[in-house]
Colleague: 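Structure below; questions to follow.
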Amino acid sequence: MSDPALISVIIPTLNEEGKLGPTLHCLQSQEEPFETIVVDGGSKDETRALARSRGATVLQASKGRASQMNRGAEHASGDIFLFLHADTLLPPNGLSIIRRTLADPDASSGIFRLQFENPTPLLRFYAWCTRWPWIRLCFGDRAQFAERSTFEAIGGFPEWPIFEDLELADRLQSHGGFRFLSAAVTTSARRFRRHGLLRQQLRNLYLWSHYMLGTDPE
């Protein structure tokens with residue numbers, strides 16, 4: 001029997017020493033073969049040193065998640081790519097779930113549901129919305145994944161300053177074989193708490209509406 005395909009976990013970072021440690025620790029508890037590639041956009045803290053100390057390959061790229069994740073994909077050895085935010089934790093069997101999903105010959109990519117750490121009722125509602133199988137809600141904090149061949153076929157992430165994640169999901173779905181998982185990743189609510197739950201969501205809605213209307217990402 002051949003060895004299972006390697007999963008390349010690609011994490012874009014920028015000053016993430018406070019959040020990256022738990023994310024890498026969570027990965028190390030997974031039972032599937034994987035490599036971790038941290039692509040840093042110019043951190044001024046100890047992010048890169050922390051990543052190296054946990055066994056990750058550390059690359060540098062120009063600031064911007066799209067360029068950082070594309071850089072990671074170029075360097076990756078795996079046949080499966082998982083794009084994971086530095087403040088997002090996989091479920092304990094997350095990599096196994098990805099592998100089982102992609103074992104279906106009709107599946108080639110997908111995304112998890114979302115939940116927040118220490119959620120408020122409003123954050124629980126936001127998370128509940130990710131139950132909907134709607135591609136326009138497939139943000140990057142939900143841990144997008146794809147077979148290498150599929151990712152390369154659609155040209156990777158568009159190097160946009162914003163909503164590169166939604167555009168990738170749309171292109172993956174158009175390619176075929178996109179799956180919405182019932183399992184959830186757990187992400188930080190720090191941005192909501194920093195700016196206010198309602199204020200941050202209204203800002204998100206404003207920007208998302210412009211994306212839906214076709215506004216130039218620049």
Side-chain angles (χ1 to χ4, degrees), residues 8-14 39 41 61-74 80-90 94 98 101-102 107-116 122-123 125-192 195 197 199-218:
S8 295
V9 183
I10 300 167
I11 305 175
T13 59
L14 182 65
V39 190
S62 57
K63 178 182 175 182
R65 279 186 173 140
S67 62
Q68 289 172 240
M69 291 186 288
N70 283 337
R71 171 81 171 109
E74 290 169 1
I80 298 169
F81 296 161
L82 167 63
F83 299 98
L84 188 66
H85 285 189
D87 61 353
T88 299
L89 307 179
L90 287 177
I98 291 172
T101 300
L102 297 180
S108 62
S109 59
I111 198 165
F112 288 84
R113 278 176 40 201
L114 185 70
Q115 62 187 15
F116 291 96
L122 192 55
L123 288 175
F125 172 72
Y126 296 160
W128 178 84
C129 291
T130 66
R131 295 170 179 263
W132 300 345
W134 189 25
I135 206 68
R136 298 303 188 185
L137 294 179
C138 290
F139 295 97
D141 53 5
R142 291 175 60 182
Q144 298 168 320
F145 60 89
E147 294 176 341
R148 171 192 283 272
S149 57
T150 299
F151 181 80
E152 292 177 345
I154 65 169
F157 283 93
E159 299 218 356
W160 294 356
I162 191 171
F163 294 133
E164 77 291 332
D165 45 4
L166 289 184
E167 187 64 19
L168 180 83
D170 185 59
R171 295 179 186 183
L172 288 172
Q173 187 181 55
S174 296
H175 188 274
F178 192 88
R179 297 291 183 265
F180 295 89
L181 304 186
S182 59
V185 295
T186 302
T187 196
S188 169
R190 55 184 170 170
R191 186 174 299 174
F192 287 94
H195 300 296
L197 298 182
R199 181 181 179 187
Q200 180 63 45
Q201 189 61 8
L202 289 173
R203 179 177 183 271
N204 292 345
L205 181 61
Y206 171 79
L207 294 170
W208 178 83
S209 298
H210 275 279
Y211 170 77
M212 295 292 289
L213 292 170
T215 304
D216 187 330
E218 295 292 340

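In this chain, numbering begins with 1 at the start of the sequence shown. This is a predicted model, so every value here is computed, not measured.
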Colleague: Please work out whether the ring planes of F125 and W128 are parallel, tilted or perpendicular, with thresholds of 30° and 60°.
Modeller: parallel
Colleague: Minimum heavy-atom separation for F178 and S109, please, with both atom names.
Modeller: CD1-OG, 3.2 Å
Colleague: With side chains defined as the heavy atoms from C-beta onward, is the minimum distance between L114 and V185 less than 4.5 Å?
Modeller: yes
Colleague: Might you point out which heavy atoms bring A73 and R148 nearest each other, and give the distance in Å?
Modeller: O-NH1, 4.2 Å
Colleague: Between atom CG of L89 and atom CG of L84, what is the distance when rounded to the nearest 0.5 Å?
Modeller: 8.0 Å
Colleague: What distance separates H175 NE2 from S108 OG, expressed to the nearest 0.5 Å?
Modeller: 6.0 Å
Colleague: Donor-acceptor check, side chain of R142 to backbone of F112, threshold 3.5 angstrom: yes or no?
Modeller: yes
Colleague: Under the criterion side-chain hydrogen bond (donor to acceptor under 3.5 Å, both in side chains), I'd like the reasoning laid out for Q144 against D165: C-alpha separation, chi angles, the key distance, then a yes or no.
Modeller: CA-CA 8 Å; Q144 298 168 320; D165 45 4; 5.7 Å; no
Colleague: Can you see which heavy atom on S67 is nearest to which on S62, and at what distance?
Modeller: OG-O, 2.8 Å
Colleague: For the CD atom of E159 and the CD atom of E167, what is their distance to the nearest 0.5 Å?
Modeller: 13.5 Å
Colleague: Which heavy atom of L82 sits nearest to which heavy atom of L90, and what is that distance?
Modeller: CD2-CD1, 3.8 Å
Colleague: Decide yes or no for L172 and D170: does some side-chain heavy atom of the first lie under 4.5 Å from some side-chain heavy atom of the second?
Modeller: no
Colleague: Hey, are the side chains of E164 and R65 touching, using non-hydrogen atoms and a 4.5 Å cut-off?
Modeller: yes
Colleague: Measuring only between side-chain heavy atoms, which start at C-beta, is F180 closer than 4.5 Å to C138?
Modeller: yes
Colleague: For the residue pair M69 and V39, establish whether any side-chain heavy-atom pair is separated by less than 4.5 Å.
Modeller: no
Colleague: Under the 3.5 angstrom rule, does the side chain of T150 hit a backbone N or O of A146 as a donor-acceptor pair?
Modeller: no
Colleague: Side-chain contact test, heavy atoms from C-beta onward, threshold under 4.5 Å: evaluate it for L137 versus T130 and give yes or no.
Modeller: no
Colleague: Does the ring center of F163 lie less than 6.0 Å from the ring center of F157?
Modeller: no
Colleague: For S188, which residues count as a side chain to side chain contact (heavy atoms under 4.5 Å, CB included) partner, sequence neighbours excluded?
Modeller: K19, D87, E117, R190
Colleague: Counting only N and O atoms by type, is there a donor-acceptor contact under 3.5 Å from the side chain of R113 to the main-chain atoms of R131?
Modeller: no
Colleague: Which value, rounded to the nearest 0.5 Å, describes the distance between F139 atom CZ and T187 atom OG1?
Modeller: 12.5 Å
Colleague: Run the side-chain hydrogen bond (donor to acceptor under 3.5 Å, both in side chains) check on Q115 and T186 step by step: do they pass?
Modeller: CA-CA 5 Å; Q115 62 187 15; T186 302; 2.8 Å; yes
Colleague: Do F151 and F145 make a side-chain contact, defined as non-hydrogen atoms from C-beta onward lying under 4.5 Å apart?
Modeller: no
Colleague: Kindly indicate, with the supporting measurements, whether the criterion side chain to side chain contact (heavy atoms under 4.5 Å, CB included) is fulfilled by I135 and I111.
Modeller: CA-CA 10 Å; I135 206 68; I111 198 165; over 6 Å; no
Colleague: Hey, could you give me the CG/CH2 distance between D216 and W160, rounded to the nearest 0.5 Å?
Modeller: 8.5 Å
Colleague: Would you mind reporting whether R171 and P158 have side-chain heavy atoms less than 4.5 Å apart?
Modeller: yes
Colleague: Under 3.5 Å, is there a donor-acceptor pair between the side chain of Q68 and the main chain of G64?
Modeller: yes
